[in-house]
Amino acid sequence: APGETLLEVSGLTAGYGGLQVLHGIDFTIRTGETAVLLGLNGAGKTTTASVLCGKVKPTGGTVSFEGRDASKWSVRQAVSNGIVMCPEGRRVFPQLSVRANLDVGGWTHRSDGDWMEQQREKVYDYFPRLRERHDQMAGTLSGGEQQMVAIGRSLMAKPKLLIIDEASMGLAPVIVKDVFEIVRQINADGTTVILIEQNIGALDVATLGLIMEQGTIVQEVRGAELSDPENVRKVFLG
Ligand code: ATP
């Protein structure tokens with residue numbers, strides 16, 4: 001239900017081989033929130049997201065999703081339990097149509113055609129441009145449209161928690177605004193969202209800002225504080 005704890009991360013540590021990247025991360029996200037994980041390159045944002053979606057196994061701490069231990073889930077288990085990540089870099093399949101790209105996101109969940117079509121229509125309601133271009137090869141779309149395909153593909157799996165890694169990267173400011181506005185709608189329709197961002201503008205759509213530096217969360221910004229990003233900027237920009 002809205003307002004209940006959805007995700008609880010406590011003392012989370014993780015890394016790659018001998019390199020420890022996360023040094024004890026703590027945060028709680030409630031159902032219905034849009035959280036922004038904000039930090040500079042290398043702060044560990046993507047690694048945090050990778051743990052949540054089952055790609056990287058934590059070396060310590062706990063991850064609890066809907067009250068269940070999510071720390072050992074595979075990517076597939078995370079998806080079927082409602083955690084879906086839209087990866088950095090708009091990785092669409094360039095030779096496949098928009099429609100086929102979307103269907104890839106649905107297959108992990110269910111394969112029957114009517115269900116797929118219904119889900120696709122919901123995605124097209126968020127992104128009418130994609131409906132117009134449903135037969136077009138994804139590789140021929142603009143950067144902004146490819147980002148829409150990538151987000152749409154994640155939505156096909158009906159996430160409870162949608163994690164979007166660097167949605168704004170490399171996009172013109174006006175397109176970034178569009179993307180954030182659609183994120184706002186997706187959230188208003190009931191999906192809890194985590195945005196991984198270096199773009200402080202993401203705070204405009206957030207209910208919770210988590211500022212990350214060198215593998216830890218150095219500041220949490222909530223509610224009214226968010227409307228005065230001066231608070232954040234100081235820490236974020238050092
Ligand atoms: P970015 O915005 O560049 O994605 P980030 O805050 O998301 O930055 P991470 O991608 O989590 O940061 O990277 C944190 C650290 O982990 C960096 O030092 C990076 O070089 C290292 N790292 C990330 N992925 C791997 C990997 N697959 N193997 C080894 N080291 C990695």
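Residue numbers count from 1 along this sequence. What's counted below: heavy atoms across the whole structure, side chains too, no hydrogens, waters or symmetry copies. Just so you know, ligand 1 is whichever comes first in the structure, and atom 1 is the first atom listed for that ligand.
- For Arg91, there are no side chain to side chain donor-acceptor pair (under 3.5 Å) partners two or more places apart in sequence or in a different chain.
- Between the side chain of Ser154 and the backbone N or O of Ala150 there is at least one donor-acceptor pair closer than 3.5 Å.
- Linking ILVMFWY side-chain heavy atoms closer than 4.5 Å, directly or via other members, places Met169 and Val179 in two distinct hydrophobic clusters.
- Every protein residue with a heavy atom nearer than 4.0 Å to ligand 1 is included here: Tyr16, Leu19, Val21, Leu40, Asn41, Gly42, Ala43, Gly44, Lys45, Thr46, Thr47, Glu88, Glu166, Gln198.
- Salt bridge annotation for Arg99-Glu117: absent, with no cationic side-chain nitrogen under 4.0 angstrom from a carboxylate oxygen.
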*For Ser168 and Glu197, what are the C-alpha separation, side-chain angles and deciding distance, and is it a side-chain hydrogen bond (donor to acceptor under 3.5 Å, both in side chains)?*
CA-CA 8 Å; Ser168 69; Glu197 279 293 334; 2.6 Å; yes
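- Side-chain atoms of Thr31 and Thr192 include no donor-acceptor pair closer than 3.5 Å.
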